[in-house]
Protein chains: 2
Amino acid sequence: MTILAFACQRDTLSAALDRARRIVAARNTIPILSNLLLRLDANGTLTIKGTDLDIETTVHVENIDVVTAGATTVPAAAFAATVAKMATGRLQIDATDTALTVRAGRARTTFPTFPEQDFPDISDKHPTHTFTIPHFDLRRIYEKCDFAISQEETRYFLCGVFLRPIAGKLVATATDGHRLSRLELDMPDGAKDMPGIIIPDRTVSMFRELGDKEDLPIEVDLSERYIRLRSPKLTIYSKLVDGNYPDSERIIPRGNNQVAIVELDALMAAIDRLLVLTEKDTRRYRMEFTAGQITLFSKGDNGEAEDTIDAACDFDLTVGFNGKYLQDMCKTMVGPKLRLEMGDASAPPLIRDEGDDTREIVLMPMRV
Amino acid sequence: MTILAFACQRDTLSAALDRARRIVAARNTIPILSNLLLRLDANGTLTIKGTDLDIETTVHVENIDVVTAGATTVPAAAFAATVAKMATGRLQIDATDTALTVRAGRARTTFPTFPEQDFPDISDKHPTHTFTIPHFDLRRIYEKCDFAISQEETRYFLCGVFLRPIAGKLVATATDGHRLSRLELDMPDGAKDMPGIIIPDRTVSMFRELGDKEDLPIEVDLSERYIRLRSPKLTIYSKLVDGNYPDSERIIPRGNNQVAIVELDALMAAIDRLLVLTEKDTRRYRMEFTAGQITLFSKGDNGEAEDTIDAACDFDLTVGFNGKYLQDMCKTMVGPKLRLEMGDASAPPLIRDEGDDTREIVLMPMRV
């Protein structure tokens with residue numbers, strides 16, 4: 001007996017499947033988690049859902065030619081790959097209790113299915129706060145903070161971006177204990193009383209998928225346990241990291257008074273060049289600040305390197321850094337200049353991007 | 001004491017290093033094999049050599065500004081990466097007995113060196129045959145035979161392309177026992193008495209590097225033990241595989257008389273689509289030939305698929321193939337049509353490319 005049947009354009013369905021299945025792992029100990037839920041209503045809206053029990057992604061496709069409204073679940077990877085490889089044009093899809101078949105021309109592929117009821121629903125329905133935020137701001141959280149998120153699962157509370165209101169701004173912070181990135185955003189209406197939340201790394205990296213246009217408003221629902229982000233293309237529902245984020249504001253060294261201004265491009269070129277010759281485990285650089293310049297040194301099994309760049313700078317200081325962390329940071333900067341606010345050799349500097357006054361970066365020094 | 005010193009353009013040196021170092025492994029139990037030999041003569045020609053003891057690559061750079069002619073060896077990967085990252089423009093290079101320094105502007109990097117005498121010379125100096133062959137033909141050997149070369153080191157004699165004269169043609173053959181690719185080339189002057197040689201897989205894959213222009217003549221020197229290929233850009237010296245190639249001519253089934261003609265694009269699309277649903281280990285397809293069409297079937301854990309393509313064909317036959325092998329083969333074909341000369345269900349077909357009559361391909365069938 002047919003429980004679901006429809007026709008649609010291959011390209012439309014293929015694009016939707018790609019978005020919905022991004023969080024579906026190829027191998028799962030729970031078989032249903034390898035599947036996508038397809039649900040078609042009588043008005044021609046097809047809802048496609050994928051989940052890994054921490055995150056759920058939902059895509060809607062409109063204007064489907066409905067034959068039989070209904071729902072089922074299919075193996076995500078095989079279904080998406082098959083649809084993508086079908087001839088361009090119209091696809092016919094129909095499902096019985098146990099199998100779903102895709103047809104295009106003389107090609108036909110049949111997948112085993114699980115019933116809709118087996119598909120887990122992780123969505124909590126009671127948001128405490130609702131607001132909209134421009135897609136541009138969410139993308140900036142990803143682009144400017146992602147590099148500093150911890151990858152150490154033992155410090156799970158650092159494995160995400162901490163987002164909370166401070167003095168009329170929405171502040172995003174990421175740190176792995178070696179570096180910290182802080183970003184200030186305009187406060188959306190309705191967010192000023194929101195709790196501090198830790199958004200998991202993987203959810204942050206999906207922010208880009210929400211839209212293509214910068215000014216697209218994204219609807220956000222949240223409580224202390226979850227966040228839901230909704231754009232016309234995609235809905236992301238995600239659990240939040242359940243932990244206490246450290247008091248990151250306190251470790252930002254705003255009183256450093258030795259200031260050096262450098263060209264971002266010159267610093268990046270020097271870092272890049274010297275990174276060839278560092279030890280793989282430490283990536284250590286020595287930086288010597290003197291009047292008008294900074295000299296960088298690195299050393300590894302295959303030799304040693306140095307380079308000097310101009311800097312507006314009038315103090316003497318020798319300090320060590322992880323060159324890879326310097327490089328990661330520079331890649332997120334706009335420039336053309338950076339402002340390095342240095343303490344003494346063992347104190348972390350505060351680094352600012354002259355092209356973007358919403359950012360503050362802290363890098364822990366290494367012993368030299 | 002300076003034993004080598006010169007100046008040159010970064011881009012010229014960087015491109016030459018990239019070509020010379022391609023066969024230098026990053027980690028070697030013999031440290032000198034991680035190095036490149038640099039030798040500068042008084043006329044301004046810099047010779048750069050890399051080797052892994054089986055293959056040696058040599059690049060010449062002309063018009064170097066000589067300060068001190070001489071030779072040394074430097075760590076290949078670190079030196080090439082550093083040169084590539086120096087500021088564009090002129091580089092200064094000088095070496096003492098124990099170290100080599102590269103300078104550009106205020107950047108300076110120093111590498112430890114080994115003396116020239118430590119660098120192994122594997123080149124044999126007595127070719128028995130010398131001829132020239134267009135680069136186009138060498139590239140075709142790579143493009144049309146590489147996919148069929150065996151990767152099984154226990155059958156080392158199949159881990160290369162067998163090249164020998166047959167009836168006035170130069171014939172290249174590769175096979176891994178499951179498929180065979182045969183290519184006929186025009187006989188170069190001076191090659192008609194050459195012995196049958198097995199050129200190692202890695203050497204074949206370097207043929208592309210010899211030049212950019214198709215009609216570039218490549219000088220070939222060879223004996224039963226080695227081959228040297230020389231273009232203005234690069235010289236490749238390679239040991240040959242020391243073994244007996246099987247009598248591949250005998251297994252090419254030239255008497256098959258059931259002929260099907262298919263469109264390459266249609267066959268590739270069907271294969272591609274069905275490959276999603278095969279078992280990872282066998283990749284098995286069933287192909288059913290009937291009047292005017294071929295129907296393909298595949299099956300895996302996630303479902304089953306079929307597709308039908310038109311074929312000029314007037315016989316009934318069911319035969320099994322490895323779909324991945326079919327796909328590999330199709331990617332090397334020109335089309336627009338293929339000619340499948342079939343035997344019975346257990347006999348290998350001979351496949352011809354209607355756009356390229358220099359090729360013959362054999363695919364072993366699988367039980368269905």
Side-chain angles (χ1 to χ4, degrees), chain A residues 10 26-27 31 34-35 74-88 98-113 265-266 268-278 280 293-310 327, chain B residues 10 26-27 31 34-35 74-88 98-113 265-266 268-278 280 293-310 327:
Chain A
R10 181 200 70 172
R27 281 165 205 286
S34 298
N35 278 23
V74 280
F79 183 58
T82 297
V83 167
K85 287 172 195 295
M86 286 288 182
T88 187
T98 56
L100 176 144
T101 299
V102 189
R103 283 187 185 79
R106 288 177 288 178
R108 180 189 65 74
T109 301
T110 301
F111 304 91
T113 59
D265 289 349
M268 276 190 78
I271 288 169
D272 223 34
R273 200 171 291 150
L274 268 65
L275 206 54
V276 175
L277 288 175
T278 51
K280 280 267 182 314
Q293 64 182 45
I294 303 173
T295 302
L296 295 92
F297 300 87
S298 72
K299 204 171 176 170
D301 291 342
N302 283 319
E304 48 186 89
E306 69 171 76
D307 200 356
T308 299
I309 58 174
D310 293 328
Q327 190 183 50
Chain B
R10 181 201 68 173
R27 281 165 204 287
S34 297
N35 277 23
V74 279
F79 183 57
T82 297
V83 167
K85 287 172 194 295
M86 285 290 182
T88 189
T98 55
L100 178 143
T101 299
V102 188
R103 283 189 185 79
R106 288 176 287 178
R108 181 190 65 74
T109 301
T110 301
F111 305 90
T113 59
D265 288 351
M268 277 191 78
I271 288 169
D272 223 33
R273 200 170 290 149
L274 268 64
L275 206 54
V276 175
L277 289 176
T278 51
K280 280 265 183 313
Q293 64 182 45
I294 303 173
T295 303
L296 295 93
F297 299 87
S298 72
K299 204 170 177 173
D301 290 343
N302 283 320
E304 49 186 88
E306 69 171 75
D307 201 354
T308 299
I309 59 172
D310 293 327
Q327 189 184 49

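Note that this is a predicted model, so its numbers are computed, not measured. Reminder, nothing fancy here: chain letters follow the sequence lines and each chain counts from 1.
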By a 4.5 Å heavy-atom criterion (distance strictly below it), what part of B:Ala87 contacts chain A: side chain, backbone, both, or neither?
both
If you measure from CG on A:Asp307 to CZ on B:Arg103, what distance do you get to the nearest 0.5 Å?
12.5 Å
Whatever's closer than 4.5 Å to a heavy atom in chain A on B:Asp310 counts as both
Please state whether the side chain, the backbone, both or neither of A:Ile309 comes within less than 4.5 Å of a heavy atom of chain B.
backbone
Heavy atom to heavy atom, less than 4.5 Å: which residues from residues 104-112 of chain A reach chain B?
A:Arg106, A:Ala107, A:Arg108, A:Thr109, A:Thr110, A:Phe111, A:Pro112
Those residues that, when tested against B:Lys85, pass side-chain contact (heavy atoms from CB on, under 4.5 Å) (two or more places apart):
A:Asp272, A:Arg273, A:Val276
Heavy-atom distance under 4.5 Å to chain A: side chain of B:Leu275, backbone, both or neither?
neither
